[in-house]
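Have a look at the structure below before the remarks.
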Amino acid sequence: MRALLLPTLLIVAATLTGCGGGETATPTTVTVTAPPPAVASPSTTTAPVQDLEIPDVEGKNGAIALDELERAGFTNVQAGSADEQDTVVINAANWKVVSIEPGAGETIPSDSTVVLTMTKQ
């Protein structure tokens, strides 16, 4: 009788386990992430065009001259090279202004092109 009791208990236990045996299912967690809030785009308004006098920046370090013209209100300043070997101004701090066009003291609209010609010599 004892020999039949053990297999019967195993069958009953297996049946109860297979039917769920009172266990509850683990809930699935779903994380939903909201998109980040929209970032306001930078203002596209520009300063009004005004007539400005070109400061004298000849002989100055290129970076200082560019900064001075920007602080004066000029919005279109270009740097050019006077050197045959170094034809492109990459880091204006390594250059010296040899001329400015239009010339220092002239009054022009702030959005006009101002060209600083520089040299590394």
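Hydrogens, waters and symmetry mates play no part in the numbers below; they use all other heavy atoms, side chains included.
Within the hydrophobic cluster formed by Ile, Leu, Val, Met, Phe, Trp and Tyr side chains joined at under 4.5 Å, directly or through other members, Val77 is accompanied by Leu52, Ile54, Val57, Leu66, Leu69, Phe74, Val89, Trp95, Val97, Ile100, Ile108, Val114, Leu116, Met118.
Under a cut-off of 6.0 angstrom, the local environment of CD in Glu70 is sparse, with at most 12 non-hydrogen atoms contributed by other residues, nucleotides or ligands.
Between Ser110 and Pro48, the shortest heavy-atom distance links the atoms OG-O, 4.0 Å. For the pair Pro55 and Ala104, the tightest heavy-atom approach, listed with the atom from each and the gap, is O-CB, 3.8 Å. When all heavy atoms of Val98 and Glu58 are compared, the pair lying nearest together is O-OE1, 3.5 Å.
Counting only heavy atoms from C-beta outward, the side chains of Ile64 and Asp67 never approach each other to under 4.5 Å. Using a 4.5 Å heavy-atom cutoff, the side chains of Thr113 and Gln78 are in contact.
In this structure, OG1 on Thr107 lies 7.0 Å from CG on Asp51, to the nearest 0.5 angstrom.
Remark: side-chain polar atoms of Asn61 are paired, donor with acceptor, to backbone N or O of Ala63 under 3.5 angstrom. Checking side-chain atoms of Thr119 against main-chain N and O of Lys96 turns up no donor-acceptor pair under 3.5 Å.
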